[in-house]
Amino acid sequence: MRKMKKIAVLCLAGSMALSLAACSGGSAAETSQAASQTAALAEAAQETTVSAKEEPAEEAEQAKEWGPIFADIVQNGKLKVGIIGNEPTFCFHTVEDGKDVLTGFEVEGMREMADRLTEYLGREVTPEFYESDFTGCMSALQANQIHFVTRLSPTDERKQTWLFTDVYHKSNECYVARKDSPNADKFTGTLEGVTVCGGMGTIDITMTKHLYPDAEIVELAGTPDLLLSVKNGKSDLACMNAVAAAMSVAANPDLTVVDSLTWEPTDEFDKGCGLCMAYGNEDFADWASGFFGDIKEEGLWDQMQSDAAAKLDEKTLEDFTAK
């Protein structure tokens, strides 16, 4: 379009010049006025030429300023989310209209993020979920198959390698045991002689090691494995966030939360959950932090959590705790 405008202006200037040549027999005043008009049009053509050269350069410069995540979203229209699955109410499967549906407040949050990216970038953006465990998600992140992983604590150790957004969620941590646990009398002090299982790579493990240095720690893949370990007597306790603990007990009458061991994470050891991504994406991390701030202020984040809890049914709880 800019090239067409440039050509049009030049053609108009040329037409004026031809008109002057054809009318060279006119008065000096007319000739002078026409010459002035021609000069003005030539100047306009020059300005258009400069503008046509400058604007693409500005657009190219803007494209260079995007970090890898933004650049990929702009190009492909996909928000590639690595999400640790089977963790109600964060992320779980339910049945709607006879179809298996991925839901949870983190899932809905990512869908809202895609909608707002659509508005921000001026192109349609849709979320694409890569659902796996901690190890699978981190492997996909290292392989650049996804843009980020949800629900990871920004520990000092992790921040040496990975970039994080601001924290968007934080909850208490609990320990789940069998109601008839033979080692219940040991659930005190440093937990000497007690076997505690927790999710691989989670803050649960880090904090348990700090709070209960004499406990024997076992790292397992996910909540179903933790509960099975406790049920089979291989572990005395399973450490998990309060939401998961409450649902585990609701679905398993033979389990209970050990109230005396429940703790509220401090910022010193547990900063909560953020999005984890590769360095070089500071622009996206800043935008995403702002996004979470906005939906919290709007009350939308709390509403998403309430909606996710309302979707929990007996089957969901069974799937959550079943091996």
Side-chain angles (χ1 to χ4, degrees), residues 67-69 81-87 90-91 104-106 109-110 130-176 190-191 196-223 225-226 237-245 261-293 296 301:
I69 292 178
V81 181
I83 194 163
I84 300 173
N86 197 29
E87 193 71 33
F90 296 89
C91 169
F105 70 85
E106 270 192 338
M110 293 301 97
Y130 176 86
E131 186 184 0
S132 186
D133 58 12
F134 170 80
T135 302
C137 283
M138 293 308 294
S139 296
L141 183 62
Q142 291 173 333
N144 294 319
Q145 296 173 341
I146 54 178
H147 293 146
F148 52 78
V149 178
T150 66
R151 205 185 325 134
L152 292 186
S153 181
T155 63
D156 291 338
E157 182 180 1
R158 284 175 179 165
K159 287 167 70 174
Q160 292 179 11
T161 306
W162 301 104
L163 174 67
F164 283 83
T165 63
D166 291 345
V167 168
Y168 61 78
H169 179 81
K170 193 172 184 178
S171 63
N172 288 350
E173 298 294 321
C174 297
Y175 291 85
V176 173
T190 61
L191 295 186
V196 182
C197 61
M200 188 180 301
T202 64
I203 196 65
D204 308 335
I205 292 294
T206 303
M207 283 301 300
T208 297
K209 289 178 179 178
H210 172 75
L211 293 172
Y212 307 109
D214 293 329
E216 181 181 344
I217 307 299
V218 178
E219 297 191 48
L220 300 175
T223 302
D225 298 296
L226 304 184
L237 298 169
C239 183
M240 59 189 73
N241 68 69
V243 175
L261 298 179
T262 298
W263 47 270
E264 181 179 355
T266 62
D267 287 344
E268 181 182 3
F269 294 101
D270 180 13
K271 297 178 173 59
C273 302
L275 302 184
C276 174
M277 64 197 73
Y279 275 103
N281 292 292
E282 285 76 7
D283 56 347
F284 183 83
D286 288 344
W287 184 90
S289 294
F291 161 77
F292 284 117
K296 285 181 180 179
W301 193 230

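The figures here come from the full heavy-atom set of this structure, side chains too, leaving out hydrogens, waters and symmetry mates.
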In D225, L226, I205, the residue satisfying side chain to side chain contact (heavy atoms under 4.5 Å, CB included) with C197 is L226

Can you find a pair of side-chain heavy atoms, one from C273 and one from T150, that are under 4.5 Å apart?
-> no

Q142 vs W162, side-chain contact (heavy atoms from CB on, under 4.5 Å): CA-CA, chis, key distance, verdict = CA-CA 10 Å; Q142 291 173 333; W162 301 104; 3.7 Å; yes

Are any non-hydrogen side-chain atoms of L275 and Y168 less than 4.5 angstrom apart?
-> yes

Find out whether L152 and M138 are in side-chain contact, i.e. whether some heavy atom of one side chain is under 4.5 Å from a heavy atom of the other.
-> yes

Kindly determine whether M277 and I69 satisfy side-chain contact (heavy atoms from CB on, under 4.5 Å), including the steps that lead there.
-> CA-CA 9 Å; M277 64 197 73; I69 292 178; 3.9 Å; yes

Separation between CD1 of I83 and CE of M110, rounded to the nearest 0.5 Å = 7.0 Å

Does F164 have R158 sitting over its ring (NZ/CZ under 6.0 Å from centre, angle to axis within 45°)?
-> no

So, do V196 and L191 sit near enough that their side-chain heavy atoms are less than 4.5 Å apart?
-> yes

Check the angle between the aromatic planes of F105 and W301 and answer parallel, tilted or perpendicular using the 30° and 60° thresholds.
-> perpendicular

Gap between atom CG of L211 and atom OG1 of T190 - 0.5 Å precision = 11.0 Å

Would a distance-only check, ignoring hydrogens and angles, find a side-chain to backbone donor-acceptor pair under 3.5 Å from D204 to G199?
-> no

Minimum heavy-atom distance C137-G82, with the two atoms named | SG-C, 4.0 Å

Under 3.5 Å, side chain of R151 to main-chain N/O of I84, donor-acceptor pair present?
-> yes

If you look at every heavy atom in V176 and A245, which pair is closest and at what distance?
-> CG2-CB, 3.8 Å

Apply side-chain contact (heavy atoms from CB on, under 4.5 Å) to T208 and Y175, showing your working.
-> CA-CA 10 Å; T208 297; Y175 291 85; 2.6 Å; yes

Test side-chain contact (heavy atoms from CB on, under 4.5 Å) on V81 and F148 and set out the steps.
-> CA-CA 6 Å; V81 181; F148 52 78; 3.8 Å; yes

Closest heavy-atom pair and its distance - A285, L163 | CB-CD2, 3.9 Å

If we only count heavy atoms from C-beta on, is the E219 to T202 side-chain gap below 4.5 Å?
-> no

Scanning both residues in full, the closest heavy-atom pair of G85 with C91 reads CA-SG, 3.8 Å

N241 side, atom CG; C174 side, atom SG - distance, nearest 0.5 Å = 8.0 Å

Side-chain donor/acceptor of Y279 to backbone N/O of K159, under 3.5 Å | yes

Which atom of G67 lies closest to which atom of D283, heavy atoms considered = N-OD2, 2.8 Å

